Every structure is written in structure tokens, then in C-alpha cells.
2 protein chains.
Amino acid sequence: MSDRSADMPVVERRRIAAEEVRLPPGFAVEGTAGRILREALRLFAERGFYGASIRDLADACEIRSATLYAHFPTKEHVLAELVRLGHENHHAHIKAAEGAEPVAKLRELVRAHVLAHADYPLLAVVANNELHCLSDEMATPALVLRADGRQRLSDILHEGIAAGVFDLPDPYLAVTAISGMGMRVANWYGPDVPYQPLEIAETYAEFALRIAGVHPDLRPGALRSSTA
Amino acid sequence: MSDRSADMPVVERRRIAAEEVRLPPGFAVEGTAGRILREALRLFAERGFYGASIRDLADACEIRSATLYAHFPTKEHVLAELVRLGHENHHAHIKAAEGAEPVAKLRELVRAHVLAHADYPLLAVVANNELHCLSDEMATPALVLRADGRQRLSDILHEGIAAGVFDLPDPYLAVTAISGMGMRVANWYGPDVPYQPLEIAETYAEFALRIAGVHPDLRPGALRSSTA
DNA sequence: GTCTATAGTTTGATAGAC
DNA sequence: GTCTATCAAACTATAGAC
């Protein structure tokens with residue numbers, strides 16, 4: 001694998017580089033309610049919850065604003081549904097990641113974490129960055145899932161340290177670093193970025209193993225120097 | 001250095017964990033205009049540009065909303081000034097980072113990058129997350145600084161690869177990972193986090209060296225296993 | 001520079017016909 | 001379920017007195 005910076009986009013002006021509106025399979029919603037969710041996903045990702053009005057949303061759906069209220073009781077409920085979808089999708093990815101021992105567990109979890117952000121960037125941006133617009137009550141389910149995902153990463157790091165296969169200065173800061181670099185993928189990944197989501201996920205998983213201090217002999221040789 | 005997760009805060013509900021309103025030295029603004037900037041920094045960081053109205057801002061400053069227009073022509077100009085301060089502060093940190101060879105350069109740059117986000121989290125969050133609310137014209141100066149910072153990191157990685165001291169699969173993805181993990185610090189760092197900004201910066205710099213594939217013998221032994 | 005007062009627009013949400 | 005019509009409140013910004 002080599003650098004492709006010649007093709008890399010200039011620094012993005014928008015909040016999110018991705019454009020395609022996409023909801024995970026199994027979360028598809030039919031009819032007008034689905035249309036509303038999809039257009040809200042696009043608008044909230046681009047402009048934020050307060051930056052997109054109920055009328056902007058209605059115009060995008062080609063309906064009157066009053067019709068929205070036949071499907072959702074308030075604007076906040078539309079956002080809450082997207083935040084829920086985003087966190088459940090992320091958590092489903094994370095939970096499905098399995099590994100026999102700490103190295104494999106960490107690799108699979110980071111792959112899943114990054115893939116959720118690269119495959120569904122709009123959903124991830126809305127779920128991560130607009131959560132604070134929800135009332136405490138409506139935000140809680142997402143916070144529970146988020147705390148669980150973070151705990152899983154923390155557990156894997158401590159397990160690997162205990163087993164002697166990880167060597168890192170500070171597990172807490174490793175959790176923040178690994179989580180954070182993955183979350184940002186949702187902002188910069190887009191159609192002009194010359195990588196596939198899976199490539200990014202694999203490379204970030206390798207970075208996470210390096211942060212964890214996994215000995216090179218315990219990592220596959222596939223991802224080494226770009227000069228090779 | 002050891003884990004302090006027993007003291008770590010639960011997953012944050014707010015957009016930003018930090019609270020203290022703080023502008024970098026040398027960027028201090030006197031009088032009412034300064035007051036407006038400080039309150040705007042707090043409000044825009046907490047709720048976003050569209051989530052805080054001109055009246056909210058005036059109330060926080062204990063002035064009438066019309067008085068704001070004696071100091072700034074529009075609400076957008078207030079944000080533009082904060083975005084400018086944030087990016088100039090970040091860029092000043094980055095530029096001041098110096099090193100004789102790639103390993104030292106990378107360590108210093110990442111330290112500076114992380115410190116700018118941990119020492120001025122409100123400013124960093126506003127500069128990073130509200131930039132898209134500005135018109136193209138007003139956003140451009142910040143984008144120029146951002147592109148330059150990213151280029152500096154990219155240059156260091158390529159230099160280290162050419163010198164044979166770095167060994168990493170993909171410099172472009174390493175730039176996104178190292179930048180991203182540092183940017184997120186502004187969101188989670190706050191008064192309840194049991195670390196000092198400098199500790200975070202040091203540890204993240206170590207993580208960056210690991211991502212870059214710097215041989216352990218070229219890294220100082222201070223930051224190794226948490227079980228030591 | 002700061003105020004009172006207000007213009008003109010947009011906001012989220014509702015009433016009631018079909 | 002979708003519409004037309006509308007309400008009451010909040011929005012950014014301005015006019016003009018002091």
C-alpha cells in the first residue's frame with residue numbers, strides 16, 4: 001500500500017465531505033416517514049440541527065411543513081430517531097466484531113468502529129455532533145450505547161496488558177486516541193478520497209495495534225512501510 | 001504513568017466537556033468587544049452558532065442586543081473573529097514546534113497540535129465545528145492555515161520515510177489519524193479529566209511516533225507499559 | 001457607546017378542510 | 001395523510017434619542 005496524496009482533496013470547507021444519503025440495511029423506513037428521515041439526515045449533517053428549519057426539511061421532501069407533523073410529533077423527534085439509528089448501527093458493528101485474543105479483538109473492534117464511520121458518514125456526524133441538541137431524556141439511550149462501546153475498547157486494552165501482548169503508556173488515553181481518530185473519519189471521508197472504507201478500516205486497525213504496543217511479530221506483515 | 005480510569009468521567013452528554021472561557025495571550029480584546037467575544041465563545045461552543053441567538057449573546061454580556069452592532073457588523077462577524085483566533089492560535093503553536101530530525105519534529109508538532117486543543121478547547125471546538133457556518137469568503141483565511149498545518153505533518157512523515165526512520169503503511173491515512181485524534185481532545189478534555197494538557201500532549205506524541213513506525217530505540221523510554 | 005423601540009422575516013407548531 | 005391558512009414567538013438587524 002502506498003500514499004495517494006497526489007489525489008487527495010484540498011482541505012474541506014464543509015462540515016462533512018460525504019454526500020450520499022444512506023441508512024443501514026434493516027433500518028430502512030418506508031414511505032413519507034422514510035423520506036423525511038433521509039432528507040433530515042442530509043440537512044442535519046450539512047448544516048446542523050438548528051441550521052435546518054422545519055420548512056427546509058419539508059421543501060426537501062416536497063411536502064408542506066404541516067405534513068411533517070403527521071409523521072413526527074416535533075422536529076426534535078426526527079433528530080432523536082437519526083441519533084438512535086446512528087448509535088444502534090455503530091453499536092451493532094462493534095458487537096459483531098469478534099476475536100479470540102486481545103490482538104484480534106482490538107483489530108476487529110477498530111475495523112468495525114472505523115467502518116461504521118466510513119460507510120455511514122452522514123449518520124455518524126449527526127449522531128455524534130447533534131446529540132447535544134436533544135433533551136436529556138432523548139439523549140440517554142445513545143449515551144448508554146456509547147458508554148458500552150467505549151468500555152469494550154477499554155476492556156480489550158486492559159486484557160492485552162494483563163496478557164503481556166500490549167505495551168502502552170496509558171490505556172485511558174489510548175481509548176480516547178483510538179476512538180477519536182475513528183470518529184473523525186466521518187468528517188473527512190467522501191467521494192473525492194481515493195480510499196475504500198475497508199482500506200481505511202484496515203490501516204486504522206494497524207495504527208491502533210501500534211498505539212497498543214503490539215509487537216510487530218504479532219501483527220501481519222501486510223501493512224508495513226509505504227516504501228516497500 | 002498508569003491508568004486513571006477509576007477517576008474518568010462518564011460519557012459526556014454535552015458537546016464539549018470544558019467550561020473555562022479562555023483566549024490565548026496576545027489575542028486578548030479589551031472592553032465590550034472582548035466581553036462579547038468571550039461570551040460568544042462560550043455560547044457557540046456549547047450550543048453552536050445557530051443554537052445561540054444574538055439575544056442570548058446580549059443577555060450573557062448584560063447589554064442590549066442593539067449594542068452588539070456597535071462592535072460587530074453582524075453575528076457572522078463575531079464567529080469569524082473566533083474562528084480566526086482559533087486557527088491563528090493553532091497555527092502559531094504548530095509553527096513554533098521545532099525539531100532537528102523527523103522523530104523530534106513529529107513529536108513536537110503533535111505535542112503542539114494536542115496542546116492547542118487541550119489548552120483552548122472551547123476555541124478549538126468553535127474553530128473546527130462552526131467554520132462551515134461562515135461564508136466562503138470569511139472561511140478562507142482559516143482554511144489556508146489548516147491546509148498549511150496538515151501539509152507540515154505530511155512533510156514530516158515523508159521526510160522520515162525517506163530517511164528510513166519511519167515505517168508506516170500509508171502517510172495520508174497517518175495524517176488523518178494523527179490530526180483526528182488530536183482534534184477530538186477539544187471535545188472530551190475538561191475539568192473532570194484527571195490529566196494535565198501536557199501529559200495528554202506527551203502521550204499522544206508517543207502514539208503518533210508509534211503510528212509512524214519509529215523504532216522503540218529511537219523513542220525515549222519514559223512512556224512504556226502501564227504495568228511497569 | 002448604549003439605549004428604547006421596532007421593522008421585517010423566519011421559526012416551530014396547530015386548526016380544520018378534504 | 002396531505003393540504004391551506006395561520007398563530008405566537010423568536011430571529012437578525014436597523015432607526016433614532018441620548
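Any value given below was found using the heavy atoms of this structure, including those in side chains, with hydrogens, waters and symmetry copies removed. Note that the coordinates shown come from a computational prediction; the quantities given were computed from them, not determined experimentally. Sequence lines set the chain letters: A, B, ... in the order given, protein chains first and strands last, and positions in each chain run from 1.
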Chemist: Does B/K95 pair with B/D148 as a salt bridge, N-O distance under 4.0 Å?
Modeler: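 B/D148 and B/K95: not salt-bridged.
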Chemist: Under 4.0 Å, heavy atoms only, any strand: does B/S53 hit a base, just the sugar-phosphate, or nothing?
Modeler: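 Sugar-phosphate, backbone atoms only, no base.
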Chemist: Less than 4.0 Å between a side-chain N and a carboxylate O, is that true for B/K105 and B/E159?
Modeler: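 Here B/E159 pairs with B/K105 in a salt bridge, since their nearest N and O are under 4.0 Å apart.
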Chemist: Could you check whether B/I63 gets within reach of a base, just the sugar-phosphate, or nothing at all, counting any heavy atom under 4.0 Å?
Modeler: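 Sugar-phosphate, no base atom in range.
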Chemist: Which of these nucleotides, D/dT4, D/dC11, D/dT2, is closest to any side-chain atom of B/D56?
Modeler: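 Out of D/dT4, D/dC11, D/dT2, the nucleotide with an atom closest to B/D56's side chain is D/dC11.
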Chemist: Quickly work out the B/R35 CZ to C/dT2 P distance and round it to whole Å.
Modeler: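 Going from B/R35 (CZ) to C/dT2 (P), I get 11 Å.
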Chemist: Rounding to an integer number of Å, can you tell me how far A/E30 CD sits from D/dG1 P?
Modeler: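 So the CD-P distance, A/E30 to D/dG1, works out to 13 Å.
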Chemist: Please state whether the phosphate of C/dT4, meaning OP1 or OP2, lies under 4.0 angstrom from any side-chain nitrogen or oxygen of B/R64.
Modeler: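 For C/dT4, OP1/OP2 do have a side-chain N/O of B/R64 under 4.0 Å.
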Chemist: Side chain of B/H71 only, please: which of C/dA13, C/dC3, C/dG1 is the nearest?
Modeler: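 My answer, after comparing the listed nucleotides, is C/dG1.
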Chemist: Taking only N and O in the side chain of B/T32, is any of them less than 4.0 Å away from OP1 or OP2 of C/dG1?
Modeler: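 So the side chain of B/T32 is outside the cut-off, no N or O lying under 4.0 Å from OP1 or OP2 of C/dG1.
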Chemist: Given D/dC7, D/dT2, D/dA15, identify the nucleotide with an atom nearest to the side chain of B/A66.
Modeler: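 The listed nucleotide nearest to B/A66's side chain is D/dA15.
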Chemist: Find the distance A/L57:CG to C/dT10:P and express it as a whole number of Å.
Modeler: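 So the CG-P distance, A/L57 to C/dT10, works out to 17 Å.
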Chemist: Mapping A/R55 and A/A70 to their closest nucleotides on DNA chain D, which lands nearer the 5' end?
Modeler: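 Nearest nucleotide further toward 5': that of A/A70.
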Chemist: Rounding to a whole Å, what distance do you find between A/E76:CD and C/dA13:C1'?
Modeler: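 After rounding, the gap between these two atoms is 14 Å.
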Chemist: Under a 3.5 Å cutoff, is there a donor and acceptor pairing between the side chains of B/Y195 and B/T203?
Modeler: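 Absent: no donor and acceptor within the cut-off.
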Chemist: Examine distances only and state if a side-chain atom of B/R14 and a backbone atom of B/A17 form a donor-acceptor pair shorter than 3.5 Å.
Modeler: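 Here the side-chain-to-backbone pair exists.
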Chemist: Rounded to whole Å, please give me the gap between CG in B/L68 and P in D/dA13.
Modeler: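 Taking CG of B/L68 and P of D/dA13, I get 10 Å after rounding.
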Chemist: Please give, in whole Å, the distance from D/dC3 P to A/D59 CG?
Modeler: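 That distance rounds to 11 Å.
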Chemist: Over how many whole Å does the gap from B/I36 atom CD1 to C/dG1 atom C1' extend?
Modeler: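 Going from CD1 in B/I36 over to C1' in C/dG1 covers 11 Å.
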Chemist: Run the salt-bridge test on A/E130 and A/R15 with the 4.0 Å N-O cut-off and return the result as yes or no.
Modeler: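 Looking at A/E130 and A/R15, the cut-off is met.
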Chemist: In whole angstroms, how far is the P atom of C/dG12 from the OH atom of A/Y69?
Modeler: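 Checked: the OH to P distance equals 7 Å.
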